[in-house]
Amino acid sequence: MERTHWYRDRVFYQIWPRSFKDGNGDGMGDLYGVLEKLDYLKSLGIGGIWFSPLYVSPGVDCGYDIADYYHIAPEFGGDEAFDEVLKAAHERDIKVIMDLVVNHTSTECEWFQKSRKRIEPYTDYYIWRPARPDGKLPNNWDSEFEGDSAWEWDEERGEYYLHIFAIKQADLNMDNPLVREEVKKILRYWLDKGVDGFREDVITYISKPEGLPNERLLPVHKGVTQYNMGPHLHEYLEEFKTEVLDDYDQVTLAEATLIKPKKALSLIGYGPDKVIDMVIQFECQCADCLLTDYIPLPFSLRKMKRAFRNWQVKLYGKGWNMLYIENHDHPRMVSRYGSEKFHDESAKTLCAMYMFLQGTPFVYQGQEIGMINWHPENEDMYEDVQTRNHRTHLPTKRRLRLLWRASRDSARTPVQWTSGKNAGFSEVEPWFYVNDRAKDINVEDQEKDPASVLNFYRKAIELRKSIPVVKDGMYTEYMKGSGSFYVYSRDDEKQSLLVMCSFKGHSRNLKVPAKFDLGKGKLILSNYDVQDSGRVIKMRPYEVRVYLFDL
Ligand code: NOJ
């Protein structure tokens, strides 16, 4: 089937279902809630939804531990509710992509239950290893979620199995052709149902190297340099593409840990070797930490700019970017790269900063109103398996402060729809804590205020879709060394779009790039009233201005 690359003209919205909206009054977000809010998403200008996992799952990792790939969890409304949402979304010209989690399954999945009993054909569906004669574990790989080894002993089978994530998330053996057949069956099943593509969870981990060699480079996350981008990754993705995906006009989005543009182009680069449409890179998440949110550093604007520049420049004309600043795996951006003090201003700057880059933007639920981090009183209030299992030697208070800053749960509190009871998320007590900032950060209030963050997102999305230079224009950056401003333009033969963002909490003068005369441009988006248009302009705290020039 001919690919139309429709995803390049749309803005996506990520729904993390448990916390989006409760529609059936049981305290947990579900598909009935999504149905209620589709018109809201449409009004925001959204053209696609990425659903974090909706499948049947014991919920150890909030759905990223799938027990049944063919059914929607009853707590989300089951298969019928999903069919309804899919239909209603398509009626509104909103595409729907699913999360495909096939690096691992839940240990409650039937395949694992049979594999541990050596029932054929499931015996080799997972990565099993016997105990070594010296009593040591099969290798030195770490679990990303358990704080120690990635190997778990299974009494029933009398062997260890590999779990890069939680103990109940067992890694599949993708080298087994039968497992790859299962993946293709799953892809086909959902595509035939009408979904429009997949976000592929930690897909760069699916090919483990022969002999499972020890990690020799890293002291943490041991193993990742061995199994990330493994030897058969391209081959397996190509198999999925040629045997299934090519029959549909769909999109694939690969989560890709530690990936750099050059490696990414081996997967997404235009040409015959392309096996994926876009990657989710992590560089843009590392401007205030070292590789992981759990090793915090002060925010560096230069580092953030370097990350975006790297991908904008190196993919230009060669591959398509996926653009995001938030998702369910990282704390909220206003609290990280912006400012809670200058809440509205910085939320808007962050929006414009990435919305006009080249690629397909994704907005994570609650980001469009500038939701901020959650500060629970004690660490028992955290739900997330990664947060709960994070090990440090810090004293209790400092540990709690680290979690405030690093935990994924900050992005997982219920969406703040109103300032009222349970933030309008549910009639009954929600499954998880509501951030008490719902009082002043919520959709209902922002709907009424034309100058709200929400309405700024609406406008930015509308502009992004209607201005051609945003899609294909060249990226040029100015003042690269500045620790105060992010300034770039997007240019083609007919138009130039100039984006100027301040990341300072006080006013500072900005020298407008020489090639632009603001007096000749049109100010199309800003977060303050703008009077001046000279060569040097005063940028107020977290001010952003976007100008369009017809050439
Ligand atoms: C990446 C997902 O985004 C994250 O939420 C999950 O915990 C891990 N992969 C394991 O599936």
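Keep in mind it's a predicted model, so treat the numbers as computed, not measured. Both ligands and their constituent atoms are indexed starting at 1 by order of listing.
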Lys274: partners by salt bridge (Lys or Arg N to Asp or Glu O under 4.0 Å), with sequence neighbours left out:
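Scan of Lys274 (salt bridge (Lys or Arg N to Asp or Glu O under 4.0 Å), adjacent residues dropped) gives Asp277.
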
Checklist line | For Asp148, all residues meeting salt bridge (Lys or Arg N to Asp or Glu O under 4.0 Å), sequence neighbours excluded | finding: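 Listed in chain order: Arg391.
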
Atom indices of ligand 1 within 4.0 angstrom of [X] heavy atoms, with elements:
X: Phe145; result: 7 (O)
X: His328; result: 2 (C), 3 (O), 4 (C), 5 (O)
X: His104; result: 10 (C), 11 (O)
X: Arg199; result: 2 (C), 3 (O)
X: Glu255; result: 1 (C), 3 (O), 9 (N)
X: Arg408; result: 4 (C), 5 (O), 6 (C), 7 (O)

Below 4.0 Å, non-hydrogen atoms only: which portion of [X] touches ligand 1? Side chain, backbone, both or neither.
X: Gln386; answer: neither
X: Arg412; answer: side chain
X: Glu144; answer: neither

Which residue holds the protein heavy atom closest to [atom], what is that atom called, and what is the gap in Å?
atom: atom 9 (N) of ligand 1; value: Asp201 OD1, 2.8 Å
atom: atom 6 (C) of ligand 1; value: Asp61 OD2, 3.3 Å
atom: atom 5 (O) of ligand 1; value: Asp329 OD1, 2.7 Å

Note to self: Check whether Trp151 forms a cation-pi arrangement with Arg129 (NZ or CZ under 6.0 Å from the six-membered ring centre, at most 45° off the ring normal).
What the structure shows: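 No, Arg129 does not lie over the aromatic ring of Trp151.
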
- Query: Taking the six-membered ring of Trp417, is NZ or CZ of Lys37 closer than 6.0 Å to its centre and within 45° of its axis?
  - Reply: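 So Lys37 does make the cation-pi contact.
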
Ionic contact status for Asp83 with Lys193, cut-off 4.0 Å
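Result for this pair is yes, salt bridge flagged.
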
*Salt bridge or not for Lys241 and Glu238, using N-O below 4.0 Å?*
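Salt bridge between Lys241 and Glu238, a charged N being under 4.0 Å from a carboxylate O: no.
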
*asked:* Closer than 3.5 angstrom, by distance alone: can the side chain of Arg199 be matched with the main-chain N or O of Leu100 as a donor-acceptor pair?
replied: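 Here the side-chain-to-backbone pair does not exist.
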
Task: Straight-line distance of Ile49 CD1 to Leu38 CG, nearest 0.5 Å - done: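 Going from the CD1 atom of Ile49 to the CG atom of Leu38 covers 5.5 Å.
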
